[in-house]
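Okay, structure first, notes after.
For the single chain, residues carry numbers from 1 onward in sequence order.
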Amino acid sequence: METPPPPPRRDPPRRVVVCGGGVIGVCTAYFLSKSAGAAASVALVEQSSVACAASGKAGGFLALDWCDGGPLGPLARASFDLHRALAAELDGPRAYGYRALTTLSLTVKESESGSGSGQQPKRGGPRDAVLPDWVDGPGRAARAIGSTATTAQVHPRLFTRALLDKAVRDYGLEVVIGKAVRVDAGGGGGSGRVSAVVLEGGRVMEADAVVLALGPWSGKFGLLSSLFRVYGLKAHSIVLEPREPGAIGPEALFLSFLPSGGGPAMDPEVYPRPTGEVYLCGMSSREEVPDDPEEVAPNPESITVLKRVARAVSSHLAEGKAGVKAEQACFLPCTEDKVPVIGELPGLEGCYVATGHSCWGILNGPATGAAVAELVLEGRAQTVDLTRFSPARFVLSRKR
């Protein structure tokens with residue numbers, strides 16, 4: 001079978017508008033403004049504030065090979081390497097907490113008293129990993145599932161802001177606070193080539209290329225919702241400040257948590273940060289996404305469970321030993337086929353989408369942004385093949 005010829009090269013855009021100030025939009029705007037230089041103006045439009053949603057409230061966990069064997073594998077590997085390169089360029093360890101991690105999985109059974117003090121952790125059988133000293137609750141069946149060569153972390157809000165600040169300061173990126181309500185086409189009637197982004201209130205931003213990186217709010221944008229479905233998975237998290245932060249080591253924990261009184265196991269995650277904070281997340285459910293990102297609020301019952309998890313994992317994270325810095329929730333953008341949507345929209349030349357990254361948005365932000373920037377400016381992505389992520393797949397599926 002012959003390889004199809006490359007698409008005809010278009011004139012590069014002169015005015016690019018990226019809609020969405022989460023990690024995907026910011027990474028895209030960063031690489032666009034860096035690559036375009038003086039040849040094109042790049043603007044980022046954000047409804048509320050940059051990294052106000054999942055990109056500010058996620059765990060920031062990075063994994064090299066956890067997506068291998070599926071469509072995300074090459075994207076994740078390219079992005080993991082880009083994270084490392086960006087950390088060297090932007091002083092990531094100091095600026096946004098980039099560091100390599102050891103990652104463990106373990107089972108934690110909550111004691112009937114609701115604390116982790118009733119049973120000492122199992123410290124390693126012949127096939128078990130050795131638990132770090134700070135994990136002093138009833139942990140057992142520990143296994144190493146990631147090494148410092150394959151897993152790492154960033155503080156997601158600080159990472160997103162560092163990229164944005166660099167793009168604004170050095171590459172001329174413009175940031176506009178406003179809500180994009182529609183994309184206009186030069187041909188009229190919703191077809192042809194993109195000509196402008198219209199903001200709530202009537203402001204018109206002329207553009208010959210538009211990138212819609214709206215996360216879970218993609219489902220509320222008519223142009224996108226008419227082609228495919230993106231729904232929001234509401235995930236909860238807490239951020240704790242231990243009184244003895246130096247006692248907490250750089251080990252990420254993926255748990256099977258068995259609550260006292262029975263019931264199904266839960267799968268919360270624990271990420272210590274180099275700032276001394278400890279981030280815990282879990283308790284996800286599919287819910288309606290509100291219109292305004294600032295309206296997202298956690299469910300109290302889910303926060304209570306996460307505090308119980310913290311107490312069971314480590315005495316350093318129990319009430320009285322750690323303060324609660326944040327109780328929060330965010331929506332992860334998910335697609336029905338569990339594959340992100342990245343590429344040019346069918347029937348509207350110059351309009352691109354990048355959404356649906358679910359829990360891997362922070363990991364895959366850099367490679368997505370770099371590839372979309374290449375697609376916009378050069379007509380083809382080089383960083384990673386985007387064919388599997390094309391929005392055209394939804395059009396094709398309807399024709400079958």
Side-chain angles (χ1 to χ4, degrees), residues 49 51-61 93-99 101-104 106 108-111 113-121 131-139 152-162 234-255 257 259-260 266-284 293-330 362:
S49 59
C52 68
S55 298
K57 299 174 182 176
F61 180 74
R94 182 194 62 81
Y96 50 83
Y98 176 88
R99 70 174 175 182
L101 287 172
T102 297
T103 304
L104 306 173
L106 66 150
V108 174
K109 184 175 182 179
E110 185 181 28
S111 70
S113 64
S115 72
S117 60
Q119 178 183 350
Q120 288 301 307
L131 285 172
D133 290 339
W134 67 273
V135 183
D136 57 6
Q153 71 180 144
V154 297
H155 188 300
R157 180 179 60 81
L158 297 180
F159 169 70
T160 306
R161 292 292 317 187
K234 188 175 184 180
H236 291 78
S237 58
I238 59 175
V239 181
L240 303 178
E241 293 184 312
R243 289 184 180 177
E244 301 178 57
I248 309 295
E251 295 92 13
L253 307 178
F254 282 69
L255 307 179
F257 178 72
S260 62
M266 305 175 191
D267 54 356
E269 300 160 17
V270 183
Y271 305 124
R273 289 172 170 165
T275 55
E277 302 171 349
V278 178
Y279 173 99
L280 289 87
C281 64
M283 309 304 295
S284 301
E294 302 294 347
E295 295 176 358
V296 178
N299 302 334
E301 300 83 2
S302 298
I303 297 300
T304 297
V305 172
L306 288 177
K307 291 178 179 177
R308 287 166 50 195
V309 172
R311 187 167 61 241
V313 167
S314 173
S315 62
H316 295 281
L317 305 181
E319 185 177 359
K321 294 291 188 70
V324 180
K325 183 177 181 179
E327 301 175 355
Q328 57 197 14
C330 62
I362 304 300

Quick check: does any side chain N or O of [X] sit under 3.5 Å from a backbone N or O of [Y], one acting as donor and the other as acceptor?
X	Y	answer
His236	Ser302	no
Lys234	Pro298	no
Glu110	Ser260	yes

Look at the rings of Tyr271 and Phe254 and say which category their plane angle falls in: under 30° parallel, 30 to 60° tilted, over 60° perpendicular.
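Aromatic pair Tyr271/Phe254 classed perpendicular.
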Return the minimal non-hydrogen interatomic distance between [X] and [Y], and the atom names on each side.
X	Y	value
Pro250	Leu101	O-CD2, 3.4 Å
Pro132	Leu104	CD-CD1, 3.6 Å
Pro156	Ala58	CG-O, 3.2 Å
Arg243	Gly320	CZ-O, 2.8 Å
Ala329	Val296	O-CG1, 3.4 Å
Ala95	Leu158	O-CB, 3.9 Å

Quick one, [X] and [Y] - any side-chain contact, counting heavy atoms below 4.5 Å?
X	Y	answer
Leu106	Leu255	yes
Val278	Ser314	no
Pro272	Trp134	yes

How long is the gap from [atom1] on [X] to [atom2] on [Y], to the nearest 0.5 Å?
X	Y	atom1	atom2	value
Arg157	Ile362	CZ	CD1	12.0 Å
Leu131	Glu251	CG	CD	9.5 Å
Tyr279	Gln328	OH	CD	6.0 Å
Thr160	His155	OG1	NE2	10.0 Å
Arg273	Gln153	CZ	CD	7.5 Å
Glu294	Cys52	CD	SG	5.0 Å

Intermediate values then yes/no, side-chain contact (heavy atoms from CB on, under 4.5 Å), Val270 and Val135
CA-CA 11 Å; Val270 183; Val135 183; over 6 Å; no
Between Val324, Ile238, Leu280, which is the residue that forms a side-chain contact (heavy atoms from CB on, under 4.5 Å) with Ile303?
Ile238
side-chain contact (heavy atoms from CB on, under 4.5 Å) for Glu327 and Lys307? Distances and angles first, verdict last.
CA-CA 10 Å; Glu327 301 175 355; Lys307 291 178 179 177; 2.7 Å; yes
